[in-house]
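Okay, structure first, notes after.
Only a predicted model underlies this, so the values are computations on that prediction, with no experimental measurement involved. Only this structure's heavy atoms are used, side chains among them; waters, hydrogens and symmetry mates stay out. Reminder, nothing fancy here: chain letters follow the sequence lines and each chain counts from 1.
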Number of protein chains: 2
Amino acid sequence: MSRSAGKPRRQSSVADRVYEALKDDIFEFRLIPGDRFSEGEIATRLAASRTPVREALYRLQREGHMDVLFRSGWQVKPLDFERVEELYDLRITLERAAMHKICSHPTPPPILRQLNAIWHPDHPSERAIGSTVRALDESFHCELVAAAGNREMTRIHQEITDRLRIIRRLDFTRPDRVDATYNEHAEILDAISSNQPGAAAEKLTAHIRTSQAAVREITMEKIREAARMHQQNKATP
Amino acid sequence: MSRSAGKPRRQSSVADRVYEALKDDIFEFRLIPGDRFSEGEIATRLAASRTPVREALYRLQREGHMDVLFRSGWQVKPLDFERVEELYDLRITLERAAMHKICSHPTPPPILRQLNAIWHPDHPSERAIGSTVRALDESFHCELVAAAGNREMTRIHQEITDRLRIIRRLDFTRPDRVDATYNEHAEILDAISSNQPGAAAEKLTAHIRTSQAAVREITMEKIREAARMHQQNKATP
DNA sequence: GATGGGCAGGTTGTATACAAGATGACTGAC
DNA sequence: GTCAGTCATCTTGTATACAACCTGCCCATC
């Protein structure tokens, strides 16, 4: 979620640009967890001064992507799998609460119609493919939480989503996972539509747990592969 | 929670000092929601340069205490009561989840004994009074969440606690509220001890809701009073 | 008197200079 | 060969200078 969203359109700042660039570097594995670098390096590479670079790095630090080592550089936070599990747990807690909140509203939120259109297509041929599914999946969960109507909860959930994106994106590289996602999302929407918050929460939990397990096994291999590529690039500059 | 906690003891930085000072100013109502000021003012007042002041302000902004107005100063975020309600809702969601997590552990967490000693005193005379109760109450809720064992959940809960502190502190100015707090905390601990997560969650929810309602009515008056004092100080410098 | 434009002052955003300290390689002694 | 100490280098933390631009006041004009 861009910080300028909703605002009168703050002109783009260098700090924002650096922030987005670094975040992209992390998400695209150009910066491997564990990589170390200095503010000066980044500043040179992105043609900026240290000041906006520092601002961007501190933002990323607060979001849990970076560590600052006192007077000895920055490090992309090593992937801590225990921490990831905890983020998943927290995510489940928030999304379960969202189910109950949505169902306790007097009228169902309008977003449900759009979500149904996406995840309950008239024909299977209308299903999205590839990286689009990843974006749709993310937006499905975010929209549901947002529909609960608690902006603070939505904000925290968004923060968690940002931090988990780096590994969730691996979930849709297998066709069977895409199929499962469609079926499970559809079931969750059905439960909400028939005002069964308990059932919706249970299905949601199972859905996230399944995805979590699938991602877990893929992640390790990807990390290793990325590290291998990285090492190669270093060896032959 | 100090950022240096757990680390090898990073020497205290100017930025940290400014951050704590500003946070105190907000919590102690020396900075009223809505107040505007510039980075230069703060830097002069706290005998620092603009750089660490900016870092502190951006931290406070991310935590929801400040707004930055593009090239026209900073503002203490006006108290948005809807936002406060949402924070309370989120807090309840997290603490309820903590109850279930605690009860699902094979062995009860050791912290329970300490909490029981505090909130289940052998004699009523051992009850704390005044501002101590506020600190104890805050730590009661934080410790319970921490006992659930999810560090991310604990971190978010701590953030919420920080943001709500400014108004929760008003809850213990009335003796009847102190009594109620003791009784309710004791009941919650009993429910946990007898492994009844559902009951614990319900009692906790009721406890927080009661406190929320009590605080709500006090807050309005305090804010008005503070604004009055503030105006007076401005009029007679 | 009301209104619009220009200007001065102030504010944040960015770049750069300097300070304090951590790191690691090198050198010398044993 | 090994280990300890020293020092150059590099890093972040902080201060300050400069740029871009927003705001509100003042004055001229209608």
Side-chain angles (χ1 to χ4, degrees), chain A residues 2-23 25 31 34-78 234, chain B residues 2-23 25 31 34-78 234:
Chain A
S2 149
R3 191 164 48 155
S4 63
K7 295 271 172 96
R9 171 147 229 105
R10 235 185 73 180
Q11 83 182 37
S12 70
S13 73
V14 178
D16 286 345
R17 181 172 61 82
V18 172
Y19 170 78
E20 295 295 341
L22 287 175
K23 214 162 132 178
D25 284 344
L31 282 176
D35 267 5
R36 289 178 64 168
F37 52 84
S38 74
E39 295 170 1
E41 281 176 54
I42 304 291
T44 305
R45 182 159 69 81
L46 297 178
S49 79
R50 273 183 58 217
T51 307
V53 168
R54 275 172 66 81
E55 194 189 309
L57 285 172
Y58 274 111
R59 273 172 73 182
L60 289 165
Q61 185 203 27
R62 283 207 67 75
E63 289 167 14
H65 296 299
M66 299 278 188
D67 271 339
V68 58
L69 291 71
F70 187 60
R71 274 186 229 274
S72 56
W74 289 77
Q75 182 176 40
V76 182
K77 208 161 196 170
K234 258 188 184 165
Chain B
S2 150
R3 191 165 48 156
S4 63
K7 293 274 171 95
R9 169 149 235 102
R10 234 186 73 181
Q11 81 182 36
S12 70
S13 73
V14 178
D16 286 344
R17 181 173 60 82
V18 173
Y19 170 78
E20 295 296 340
L22 286 175
K23 214 162 129 176
D25 284 344
L31 282 175
D35 267 5
R36 290 178 64 168
F37 53 84
S38 74
E39 295 171 1
E41 280 177 55
I42 304 292
T44 305
R45 182 159 71 81
L46 298 179
S49 78
R50 273 184 57 217
T51 307
V53 168
R54 276 171 66 81
E55 194 189 308
L57 285 172
Y58 274 111
R59 272 172 75 182
L60 289 165
Q61 185 203 27
R62 283 206 66 77
E63 288 167 16
H65 296 299
M66 298 277 187
D67 271 339
V68 56
L69 290 69
F70 189 60
R71 274 186 228 274
S72 55
W74 289 77
Q75 184 176 38
V76 183
K77 209 161 194 169
K234 259 188 183 165

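As a whole-Å value, the separation of Ile42(A) CD1 from dT11(D) P is 12 Å. Taking atom CD of Glu55(A) as the reference point, atom C1' of dT12(C) lies 11 Å away to the nearest angstrom. Rounded to whole Å, atom P of dT12(D) lies 12 Å from atom CD of Gln61(A). Atom pair Arg54(A):CZ and dT16(C):P shows a separation of 16 Å (rounding to whole Å applied). One atom, CG of Leu57(B), and another, P of dG13(C), lie 10 Å apart when rounded to the nearest Å.
Take the nearest nucleotide of DNA chain D for Ala47(B) and for Arg36(B): the residue whose nucleotide is more 5' is Ala47(B).
The side-chain hydrogen bond (donor to acceptor under 3.5 Å, both in side chains) test applied to Arg45(A) returns Asp25(A), not counting sequence neighbours. Every residue meeting the salt bridge (Lys or Arg N to Asp or Glu O under 4.0 Å) condition with Arg54(A), not counting sequence neighbours, appears here in chain and number order: Glu39(A), Glu55(B). Applying the side chain to side chain contact (heavy atoms under 4.5 Å, CB included) test to Thr51(A) and every residue at least two apart in sequence or in another chain returns Ser49(A). Not a single side chain to side chain contact (heavy atoms under 4.5 Å, CB included) links Thr44(B) to another residue, sequence neighbours left out. With sequence neighbours excluded, the residues that form a side chain to side chain contact (heavy atoms under 4.5 Å, CB included) with Glu41(B) are Phe37(B), Ser38(B).
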Pull out every protein N or O sitting under 3.5 Å from an N or O of nucleotides 7-11 of chain C, one pair per line with the distance.
{"unit_1": "dT11(C)", "atom_1": "O3'", "unit_2": "Gly73(B)", "atom_2": "N", "d": "3.1"}

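Look at Ser49(A) and you'll find a side-chain N or O under 4.0 angstrom from OP1 or OP2 of dA15(C). Not one side-chain nitrogen or oxygen of Tyr58(A) sits closer than 4.0 Å to the OP1 or OP2 atom of dT12(D).
Residue Arg50(B) has its side chain nearest to dT12(C) when only dA15(C), dA15(D), dT12(C) are considered.
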Legend entry - Derivation of the salt bridge (Lys or Arg N to Asp or Glu O under 4.0 Å) call for Asp16(A) and Arg59(A): CA-CA 10 Å; Asp16(A) 286 345; Arg59(A) 273 172 73 182; 3.0 Å; yes
